[in-house]
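Worksheet: the structure to be examined is printed underneath.
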Amino acid sequence: MSKFNSDKVLPRYLFIAVVLTIIGLAVVTKASLTMTVKKSYWETVASKMRSDSDSVRPNRGNILSSDGQLLASSIPEYKIFMDYQAGSKEDTAWTHKRDSIWYADLDSLCRGLSQIFPDWTPEQFRNRLEEGKRKVMRNGTIGARHWAVWPKRISYNTYCEVQELPFFNMPANKGGFHAEKFEARRRPFGSLAERTIGDIRSFEGGKDTARFGIELSYDSILRGKYGIEHKEKVLNKKVSFIVKPPVDGADVVTTIDVGMQDLAEQAVIEGLKKWNASMGVAILMEVKTGDVKAIVNMRRGADGEYHEQFNDAISYRCEPGSVFKVASFLVALDDGVVDTSYVIDTGSGIMKMHGANMKDHNWHHGGYGRINVARALEVSSNIGVSYVIDQYYGHNPRKYVEGLYRVGIGQDLKLPIVGYLPPNIRMPDTKTSNRSLYWSKTTLPWMSIGYETQIAPINTVTFYNAIANNGRMMRPRFVKEFQKDGQVIFETEPEVIKEQIAKPQTIKTMQTILRHVVSQGLGKKAGSHSFQVSGKTGTAQVAKAGGYKSGTVEYWLSFCGYFPSDDPRYTCIVCIKKMGLPASGGLMSGGIFHNISEGVMAKKLKLRVEDARDSFSVLIPEVKAGDNAATTYVLGKLGINSAKVAMDERKTTAHKMPDVKGMGARDAVYQLERMGVKVRLHGTGLVKRQNIAPGTILRPGMLCTLELD
């Protein structure tokens, strides 16, 4: 007999099936209601609970001088705003209460703002704030949402002061006071080498753009990599979780020497003022490495003062003038078509060349008569150079131009700095639709003396540097290495462009001629009584509208050379542009070159300061802890070796709280804010206590309170 009793089991199965069907229908019905009737409600809930992903900004790397001094660094700055519609729109009671507090605190708020920002009176601040409160928005609501309280950016310390004022000390979601944080790029040495170092332009929302110079050229290295953080709402508070930490940018160590840069800038500005010139360029290069130790780009502004407006040293292509003659004769000497004893009859200083008059600068005094090749360069004879080049290359001008490229004057340096323009030295018989670029019979002789070519000063100084370096041409180097947390992560080695621009004997011959140009030629003003200088002068008219018009003429004056002649260490070019006569490359640019070379060599003298020490005097000062970049600069100007000074230097480790005890407020705040730490100060004097112990791992937004005494 079967144990299965269908009368009892089947009703039970039926009951279970009915219950499950009812539950399923309930789930489907609830889901349908959620998807339709309550859709907007649950979307609102979801939006409140959703995790937001934001990018975390890395710290931008610093730009340093060749000896480690700070040339550019980032510090936080703020712009302050008011949101007059802050708070819940449904909470009308709070809205009325906030308005009451606003009008009760407005007078004291405006007085406090005027004390912090004395440029505006309390009445001006009151008018400004009330204007924002009365502003009618596009949607018809009254009160601005993002009204600037003060038009300029402020430091973190100033922001903290403003935050403590009446009404502004309320939470942002209640009172409406808020701020936007910017990463401000600051240069401790001001405008020193400004166009080469570069700049950062910051926009609202914390975005920034590198504009020019090293900042732009190495932006990807300096900027670092953004991190990722999630923000979730927990108990009505947004909590941030770092998912991917940011990678801070690397520091860029340049070849710029602060002392040499300052010396070169002062020499150029003084020379421009003396000769009433409109523009000046100087480049100082280390012979063996090609390191650019100083680079100056000055133009006269609308205010009559001189400023760095463009990087003319690498981008201003122009007809170089007589400094180009060295390249022409180097080609001729290297090809063996002439030697230094070859004699040219320059006559009375005027010679017909293919129907046009070629003149020497002293033609009105009777010219130079019969002179050899070496003397032609010493006195910068146009006829002497153009006659030789036209005589031996007139039948094959392409060979001459190929020679210019061979000796490196036409070399594309492929500089990593944005804005560089390579030389424009055209080949004969090149097809062109531009009539001014047609190759004519007069092109070759005029090209040989520095016309009908376009060359930037950086190319000329690189060519002369190769002569000083016994024929080895080095690529100009602006960056030595990249560092991370004080450790070198990549080093850029000096790079040879051409192992030999000409035969060794040709180079030696040219070195002798260039030394004589200064000792017994037109370059005497560039010379020195303390060491020998070699170089060449240059004076060229600046073409306007495709020609050289009579009347007031603009001149491009230059001197390029190296020093000391017997063991060259530095090559330097100085170019100035001025209107009208007098105009002399040897006198004007050579004079500036003289001041730069003398100053550089004086810095290299090893004098024993101890020999002049008074036993009752304190010769070497003690320097307090802090940012020692400015201190090192001042000590250098005083002739004191900063390496021997008792400077309280403290090593800082990335992402760890430094020890700032004993520092002044300014130095302590500067160092901490650079590391992303907010600072609150109590008292005056030196830092006695800090509430975050040195060595503590730093987190974004940390606030460190410093007690001063």
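Numbering of residues begins at 1 and proceeds along the displayed sequence.
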Using the six-membered ring of Trp147, assess whether NZ or CZ of Arg128 lies under 6.0 Å from its centre and within 45 degrees of the ring axis.
->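 Yes, Arg128 sits over the ring of Trp147.
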
Let me see the working for Lys225 and Lys244 under side chain to side chain contact (heavy atoms under 4.5 Å, CB included), right down to the final yes or no.
-> CA-CA 10 Å; Lys225 296 181 180 179; Lys244 179 182 177 183; over 6 Å; no

For Ile221, enumerate each residue passing the side-chain contact (heavy atoms from CB on, under 4.5 Å) test, keeping only those at least two apart in sequence or located in another chain.
->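 By the side-chain contact (heavy atoms from CB on, under 4.5 Å) rule, Ile221 matches Tyr218, Ala250, Phe482.
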
Under 4.5 Å between any side-chain heavy atoms of [X] and [Y], yes or no?
X: Phe125; Y: Trp150; value: yes
X: Pro416; Y: Val479; value: no
X: His307; Y: Ser191; value: no
X: Trp120; Y: Pro151; value: yes
X: Leu222; Y: Glu215; value: yes
X: Leu129; Y: Trp102; value: yes
X: Met82; Y: Lys133; value: no
X: His178; Y: Asp83; value: yes

Would you find a donor on one side and an acceptor on the other, under 3.5 Å apart, between the side chain of [X] and the backbone of [Y]?
X: Glu265; Y: Ala193; answer: yes
X: Asp199; Y: Arg211; answer: no
X: Glu481; Y: Ile489; answer: no
X: Asp251; Y: Asn62; answer: yes
X: Arg98; Y: Gly175; answer: no
X: Asn127; Y: Glu123; answer: yes
X: Glu707; Y: Arg689; answer: no

Please name all residues satisfying side-chain hydrogen bond (donor to acceptor under 3.5 Å, both in side chains) with Asp291, sequence neighbours left out, ordered by chain then number.
->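 side-chain hydrogen bond (donor to acceptor under 3.5 Å, both in side chains) list for Asp291, sorted by chain: Thr289, Arg477.
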
Partners passing side-chain hydrogen bond (donor to acceptor under 3.5 Å, both in side chains) against Asp119 (at least two apart in sequence or in another chain) | none

Please walk me through it: do Thr254 and Thr196 pass side chain to side chain contact (heavy atoms under 4.5 Å, CB included)?
-> CA-CA 10 Å; Thr254 69; Thr196 302; over 6 Å; no

Does the pair Ile200 and Thr209 meet the rule for a side chain to side chain contact (heavy atoms under 4.5 Å, CB included), with working shown?
-> CA-CA 6 Å; Ile200 295 291; Thr209 301; over 6 Å; no

So Phe177 and Phe168, would you call those rings parallel, tilted or perpendicular, with 30° and 60° as cut-offs?
->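 Taking Phe168 first and then Phe177, their aromatic rings lie parallel (interplane angle under 30°).
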
Verdict with reasoning, Ile573 to Val281, per side chain to side chain contact (heavy atoms under 4.5 Å, CB included) | CA-CA 8 Å; Ile573 187 172; Val281 168; 5.5 Å; no

Qualifying residue for salt bridge (Lys or Arg N to Asp or Glu O under 4.0 Å) with Asp312, from Lys577, Arg299, Arg317 |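 Single salt bridge (Lys or Arg N to Asp or Glu O under 4.0 Å) partner of Asp312 among Lys577, Arg299, Arg317: Arg299.
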
Single hit among Val660, Leu672, Val679 for side chain to side chain contact (heavy atoms under 4.5 Å, CB included) with Gln690 = Val660

Residues Lys480, Asp67: salt bridge by 4.0 Å N-O rule |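 Between Asp67 and Lys480 there is no salt bridge, as every charged N stays at least 4.0 Å from the carboxylate O atoms.
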
May I ask you to say whether Lys484 pairs ionically with Asp248, meaning some side-chain N is under 4.0 Å from a carboxylate O?
-> no

May I ask you to check whether Gln266 and Glu270 show a side-chain donor-acceptor distance below 3.5 Å?
-> no

